[in-house]
Amino acid sequence: MPNLSPFAALPGPTGGPAGLTRRAKAAIIVQFLLNEDADVPLSSLPDDLQAELTQQLGRMRYVDRETLNQVIEEFADELESVGMSFPGDMAGALSALDGRISHRTAARLRKEAGVRQTGDPWERINKLDEERLEALVVGESIEIAAVMMSKIDTAKAAKVIARLPGDRARRISYAISMTAGVSPEAVDRIGLSLAAQLDAEPPKAFEKKPDERVGAILNYAASAKRDELLQGLEETDREFAERVRKAIFTFANIPERLKKSDVPKITRDVPTDVLATAIAAAASEAEMAAVEFLLENMSKRMSGSLREEAAGMSVSAKKGEAAMNQVISAIRDLVAAGEVEFKDPDADDED
């Protein structure tokens with residue numbers, strides 16, 4: 001039978017699998033998987049291997065069915081013969097052990113081997129808080145800062161810009177309009193350079209800032225003891241005490257930190273009797289404001305029921321504070337789960 005294939009005149013590999021290089025066989029396997037709509041994560045390969053594979057695919061034309069079957073069989077045999085595979089380099093080993101060895105050890109090994117932390121550097125940069133991003137922006141040129149502001153989340157970029165001196169903020173804002181011609185390669189290089197600065201920083205013993213740690217401790221302290229400690233902090237360091245106040249989240253802080261639309265989530269997770277006890281225990285003006293905030297933003301039926309139940313209660317200070325702390329714990333659990341997001345205490349009301 002005459003060969004009617006449209007590729008008959010094209011040069012192809014000869015000699016079957018035995019005449020193919022391992023690179024050509026890899027290209028055959030990859031093309032076969034792509035034809036089967038399989039998910040082939042080639043981006044995880046080193047850049048030079050991705051380039052070589054792409055070039056090999058571009059050079060090849062066709063293989064016959066027998067050659068394809070033999071290459072696939074050989075590939076399957078090799079896979080079956082592998083008992084265990086290892087990362088093959090220090091970067092892969094560090095990625096495999098991420099979270100299983102200490103941050104200090106990982107940082108030291110990465111520095112000694114000259115290996116940067118894997119992953120998209122801009123994802124790491126975007127996770128930084130506004131204060132740390134501000135420090136990066138201040139230490140870079142206007143052009144680099146403009147690229148940074150263009151790559152991170154818009155809301156976070158706005159907060160960082162707001163923290164900068166007026167003149168620098170205006171220059172960066174104008175420079176953003178000039179970034180249309182920046183190449184993706186340049187953006188990657190900037191990201192890697194900034195990430196290298198982060199890698200060069202010495203590891204910290206505590207992830208949270210001192211004011212956040214003190215605020216977390218005072219959240220669960222009795223209100224009288226909390227006020228006493230805050231007063232002492234103000235006498236020692238007024239600026240630090242103010243930061244601690246912002247980090248504290250108590251029952252009285254609910255209206256200024258919680259969104260109205262999130263109140264129904266609280267009523268879902270906190271037992272009705274606990275809510276009623278916390279409502280009945282409210283004594284100060286701030287606590288009463290928190291009660292009204294909660295009641296006004298839940299269903300009218302539940303609000304009326306809670307008002308009625310709380311009105312007939314006689315609650316001790318200790319029991320009432322325990323109920324309020326339970327409400328606060330539920331809110332913090334929702335925040336940790338990503339279902340609720342605190343408002344910035346210095347921001348304007350959302351609605």
query = Do Leu79 and Ile72 belong to the same hydrophobic cluster, where Ile, Leu, Val, Met, Phe, Trp and Tyr are linked whenever their side-chain heavy atoms lie under 4.5 Å apart, directly or via other members?
reply =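 Linked within one cluster.
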query = Linking I/L/V/M/F/W/Y whenever their side-chain heavy atoms sit closer than 4.5 Å, directly or via other members, would Leu53 and Leu33 fall into one cluster?
reply =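 In one cluster: yes.
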If you take all heavy atoms of [X] and [Y], which pair is closest and at what distance?
{"X": "Ala247", "Y": "Glu212", "result": "CB-CA, 3.9 Å"}
{"X": "Ala276", "Y": "Glu309", "result": "CB-CD, 3.7 Å"}
{"X": "Gly320", "Y": "Ala281", "result": "CA-CB, 3.3 Å"}
{"X": "Lys25", "Y": "Leu20", "result": "CE-O, 3.7 Å"}
{"X": "Leu295", "Y": "Ser303", "result": "O-OG, 3.3 Å"}
{"X": "Phe251", "Y": "Ala290", "result": "O-CB, 3.2 Å"}

key: Minimum side-chain heavy-atom gap Phe293-Leu258 below 4.5 Å   =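 Phe293 reaches Leu258 side chain to side chain.
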query = Quick one: are Thr267 and Leu294 in side-chain contact, heavy atoms under 4.5 Å?
reply =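 Heavy-atom side-chain distance check fails, nothing below 4.5 Å.
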What distance do [X] atom [atom1] and [Y] atom [atom2] have between them, rounded to the nearest 0.5 Å?
{"X": "Phe249", "Y": "Leu218", "atom1": "CZ", "atom2": "CG", "result": "15.0 Å"}
{"X": "Ile125", "Y": "Lys151", "atom1": "CD1", "atom2": "NZ", "result": "9.5 Å"}
{"X": "Ile254", "Y": "Lys259", "atom1": "CD1", "atom2": "NZ", "result": "16.0 Å"}
{"X": "Asp153", "Y": "Leu133", "atom1": "CG", "atom2": "CG", "result": "10.0 Å"}
{"X": "Asp262", "Y": "Glu339", "atom1": "CG", "atom2": "CD", "result": "9.5 Å"}
{"X": "Leu128", "Y": "Ile152", "atom1": "CG", "atom2": "CD1", "result": "9.0 Å"}

ask   = Looking only at side chains, do Glu66 and Gln70 share a donor and an acceptor under 3.5 Å apart?
value =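 A donor-acceptor contact under 3.5 Å links the two side chains.
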task = State whether a side-chain donor-acceptor pair under 3.5 Å links Gln31 with Asn35.
result =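 Asn35 and Gln31 do have a side-chain donor-acceptor pair below 3.5 Å.
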Determine, for [X] against [Y], whether the closest basic-nitrogen to carboxylate-oxygen distance falls under 4.0 angstrom.
{"X": "Glu78", "Y": "Arg22", "value": "yes"}
{"X": "Glu52", "Y": "Arg23", "value": "yes"}
{"X": "Glu292", "Y": "Arg307", "value": "yes"}
{"X": "Glu234", "Y": "Arg245", "value": "yes"}
{"X": "Glu239", "Y": "Arg243", "value": "yes"}

ask   = Taking atom NZ of Lys156 as the centre, does the number of heavy atoms from other residues, nucleotides or ligands within less than 6.0 Å exceed 12?
value =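 For Lys156, atom NZ is crowded (more than 12 foreign heavy atoms under 6.0 Å).
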From CA spacing to verdict: side chain to side chain contact (heavy atoms under 4.5 Å, CB included), Met149, Val137 = CA-CA 9 Å; Met149 295 299 97; Val137 168; 3.6 Å; yes
query = Which is it for Glu140 and Leu194 under the side chain to side chain contact (heavy atoms under 4.5 Å, CB included) test, yes or no, and what are the steps along the way?
reply = CA-CA 9 Å; Glu140 298 291 341; Leu194 294 172; 3.6 Å; yes
request  = Could you please spell out the steps behind the side chain to side chain contact (heavy atoms under 4.5 Å, CB included) verdict for Ile142 and Tyr174?
outcome  = CA-CA 9 Å; Ile142 296 296; Tyr174 175 73; over 6 Å; no
